[in-house]
Amino acid sequence: MSLRVYNTLQGKKVEFQPLHPGKVGMYVCGVTVYDYCHIGHARANIVFDIIFRYLKYSGYDVTYVRNYTDVDDKIIQRANEREITCKQLSEEFIQAFDEDMARLGLQLPTVQPKATEHIDHIIALVERLIANGKAYASDGDVYFAVDSFDDYLKLSKRNLDEMQAGARIAPGEKKRNPMDFALWKMAKPGEPSWKSPWGEGRPGWHIECSAMGMEYLGESFDIHGGGKDLIFPHHENEIAQSEAATDKPFVKYWLHNGFVNVNKEKMSKSLGNFFTIRDILKSYDAEIIRFFILSAHYRSPIDFSDQNLKEARLGLTRFYEGLHAAAEMLAQCPDSDIQADDGDELEAKFREAMDDDFNTALAIGHLFEGVRTMNRLMATKKIRKKPEVIASLRALYTTFLKLGAVLGLFVSDPQQWLKQQNLAGLAELNISVEQVEGWIEERLQARKDKDFARSDEIRDELAAKGILLLDCAAGTTWKIK
RNA sequence: GGCUCCGUCGCCAAGUGGUAAGGCAGAGGCCUGCAAAGCCUUUAUCCCCAGUUCGAAUCUGGGCGGAGCCUCCA
């Protein structure tokens, strides 16, 4: 079974065959750096982080490019509001973005280019478009002539005539056709600008992604990704300006992730219903956020809510508790040469799920079944004298870590992770570890005295606070409910 | 208005023609001084209607409900 992906361009799942065998070029639209990132950005970047990881796991040599758009209307506006330079503003939020992504556990892309460092490439591309008769200069601006490109709107599957019917040229605009879009904008006083054949100016939105994509991946490459909201106009315009310049297909596979909703509504800056990554990280571990996002298919909408994140925490806790128990068990069991195929079976199911358009939700379902199998194996009586059971457990455990790494999950030490979750929960309850340990001591004494009434009373009191006491052979421990 | 998409158990969520994964919550059981965890068992015919088919949650048509894009947005 080979990899199949949903290609927005074709509107269906198709077999993935890279342009150059064994190699994949992938470009993902990064952020415009004028504000902190929200959970929607987290989703897009986590999704493509997984795609990057899975392609590498599948044996491809992947070049992953994710840009920073660091020149733009909103940056200029925000910088003016704060009375700092655009460069200061963009540098501040590039750093914030890098911090957020690092905390979310994302792998670094191969290249992270900035628009402002590719002005030469942008100008060259615009010149090429003018030379091809696909773009025209107009009083310091340069526009792409959508009429000149027959395939315009092939990605978003719209109708140019109908769109033109609703569009208008505003007074003062220098376009020939209301649907034409800017490739280059003349600088207004005080704006960042660069020298160009059309005078001082700056790139329009869209052109930087074409220029940087081609610069690092060639004039045609395999994958271009981003959020669904970028399909029109951003990606549509990228296709137009790139293919009109090179006369080659720009991108083979267009991949788009679904939105993060709040109360069934899209989270967006204009609605003001967004949560920043750094705020959420105050309450939830990064891996919980990742688990939450991967528990749905990347193209489906997901609803962001406290309840859903708590469920993600419960699910991830089940994995970590299983992995912790397995690690302890295996450390005590003798190794052997016996081979077990339990791990390979799990991995085959995992691949099948991921090969089907990166179905992480199904893959995680298989992993849940795997953890149940591990727990069942661990419940085997006299397990230490059953090398074949130990071999199965070891195979599963090893596979878990391997597959987890592909999803960016189970990357922490289980004991540490569980402890940290408990400590965080305890802090929320305003109870100290010393207090809990005191109660455990008292209860231990009561149990020694066979005063089970008092013993149970202590446990019930703690349970009412949200703390569970767990009796096991080694003593009594506790966890947050 | 145009163009996309979605509606699966109390909740989350896979499944795009072959007879409904998984998780959380619930019920019963094993285990336990009692618990917890874990394990076992158990809970849906897929928004409605009509059609195509030997067979549909999956295809077609109609309806109802929800979302997105068409302006910046992951």
Side-chain angles (χ1 to χ4, degrees), chain A residues 8 11-13 28-32 34-35 37-48 72-74 77 153 156-159 161-163 165-167 179 205 225-234 236 256-261 264-271 274 291-292 295-303 305 307-319 321-322 325 349 353 356 359-380 447 450-453 455-456 459-460 463 467-472 476-479 481:
Chain A
T8 306
K12 60 182 180 186
K13 277 188 214 171
V28 173
C29 287
V31 284
T32 300
Y34 71 100
D35 205 346
C37 288
H38 56 61
I39 182 77
H41 297 106
R43 183 181 196 190
N45 284 286
I46 287 171
V47 161
F48 287 101
D72 160 272
D73 292 348
K74 289 188 295 297
Q77 188 190 336
L153 304 180
S156 55
K157 296 163 181 65
R158 295 163 202 272
N159 180 298
D161 292 334
E162 283 169 6
M163 295 195 70
M179 292 303 292
W205 186 38
K228 271 190 161 78
D229 46 358
L230 295 181
I231 294 172
F232 186 89
H234 187 53
E236 195 70 70
H256 293 98
N257 65 274
F259 297 131
V260 176
N261 293 158
K264 312 281 180 194
E265 240 184 2
K266 177 186 171 183
M267 179 183 297
S268 76
K269 296 203 171 165
S270 44
L271 287 170
F274 63 91
F291 190 88
F292 160 67
S295 62
H297 186 92
Y298 78 91
R299 284 188 284 114
S300 308
I302 48 172
D303 214 51
S305 69
Q307 194 200 328
N308 287 164
L309 281 181
K310 281 184 174 148
E311 259 193 35
R313 167 154 50 204
L314 277 175
L316 192 54
T317 300
R318 179 167 161 83
F319 280 110
E321 286 183 342
K349 284 184 187 169
D356 186 12
N359 194 336
T360 53
L362 181 58
I364 287 175
H366 292 319
L367 292 178
F368 269 117
E369 289 182 331
V371 84
R372 188 167 69 223
T373 306
M374 283 206 297
N375 285 331
R376 193 188 299 140
L377 291 171
M378 283 187 275
T380 308
R447 292 179 77 203
K450 297 265 191 281
D451 182 0
F452 292 121
S455 164
D456 289 352
R459 192 192 21 238
D460 291 345
I467 299 167
L468 289 177
L469 294 185
L470 317 172
D471 296 328
C472 57
T476 300
T477 56
W478 58 274
K479 69 182 249 185
K481 221 188 266 182

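Reminder, nothing fancy here: chain letters follow the sequence lines and each chain counts from 1. Here the structure is a predicted model, which means the values were calculated and not measured.
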- Candidate nucleotides B:rG68, B:rC72, B:rC24, ranked by approach to the side chain of A:Leu314 - the nearest: B:rC24
- Query: Does A:Asn159 place a side-chain N or O at less than 4.0 Å from the phosphate oxygens OP1/OP2 of B:rG2?
  - Reply: no
- For atom C1', what is the distance between B:rC39 and B:rU32, given to the nearest Å? 14 Å
- Task: Could you check whether A:Asp456 gets within reach of a base, just the sugar-phosphate, or nothing at all, counting any heavy atom under 4.0 Å?
- Result: base
- Item | Ionic contact status for A:Lys13 with A:Asp356, cut-off 4.0 Å | yes
- Message: Strictly below 4.0 Å: does A:Arg318 bring a side-chain N or O up to OP1 or OP2 of B:rC39?
- Response: yes
- Task: State whether the aromatic ring of A:Phe368 stacks on the base of B:rG23, taking stacking to mean ring centres under 5.5 Å apart and ring planes under 30° to each other.
- Result: no
- Query: Under 4.0 Å between a side-chain N or O of A:Arg376 and OP1 or OP2 of B:rC40?
  - Reply: yes
- Side-chain donor/acceptor of A:Glu369 to base of B:rG22, under 3.5 Å: no
- Task: For B:rA14, take OP1 and OP2 only and decide whether either is under 4.0 Å from a side-chain N or O of A:Ser300.
- Result: yes
- Base, sugar-phosphate alone, or nothing: which one does A:Met267 contact when heavy atoms must sit under 4.0 Å apart? base
- Message: Here's a test of your reading of the structure: between A:Ser268 and A:Ser455, which maps to the more 5' nucleotide of RNA chain B?
- Response: A:Ser455
- Message: Check this one for me: any side-chain N or O of A:Asn359 less than 4.0 Å away from OP1 or OP2 of B:rG15?
- Response: yes
- Task: Using whole Å, report how far CG of A:Leu362 lies from P of B:rA21.
- Result: 12 Å
- Look at the side chain of A:Arg372 and decide which nucleotide, out of B:rG23, B:rG33, B:rG2, has an atom nearest to it. B:rG23
- Identify whether any heavy atom of A:Val260 sits under 4.0 Å from a base atom; if not, whether one sits that close to sugar-phosphate; answer base, sugar-phosphate or nothing. base
- Task: Provide the distance between the two P atoms, one in B:rA25 and one in B:rG51, to the nearest whole Å.
- Result: 43 Å
- Message: Taking 4.0 Å as the cut-off, does a side-chain nitrogen or oxygen of A:Lys266 come that near to OP1 or OP2 on B:rA74?
- Response: no
- P gap between B:rU53 and B:rU41, integer Å: 41 Å
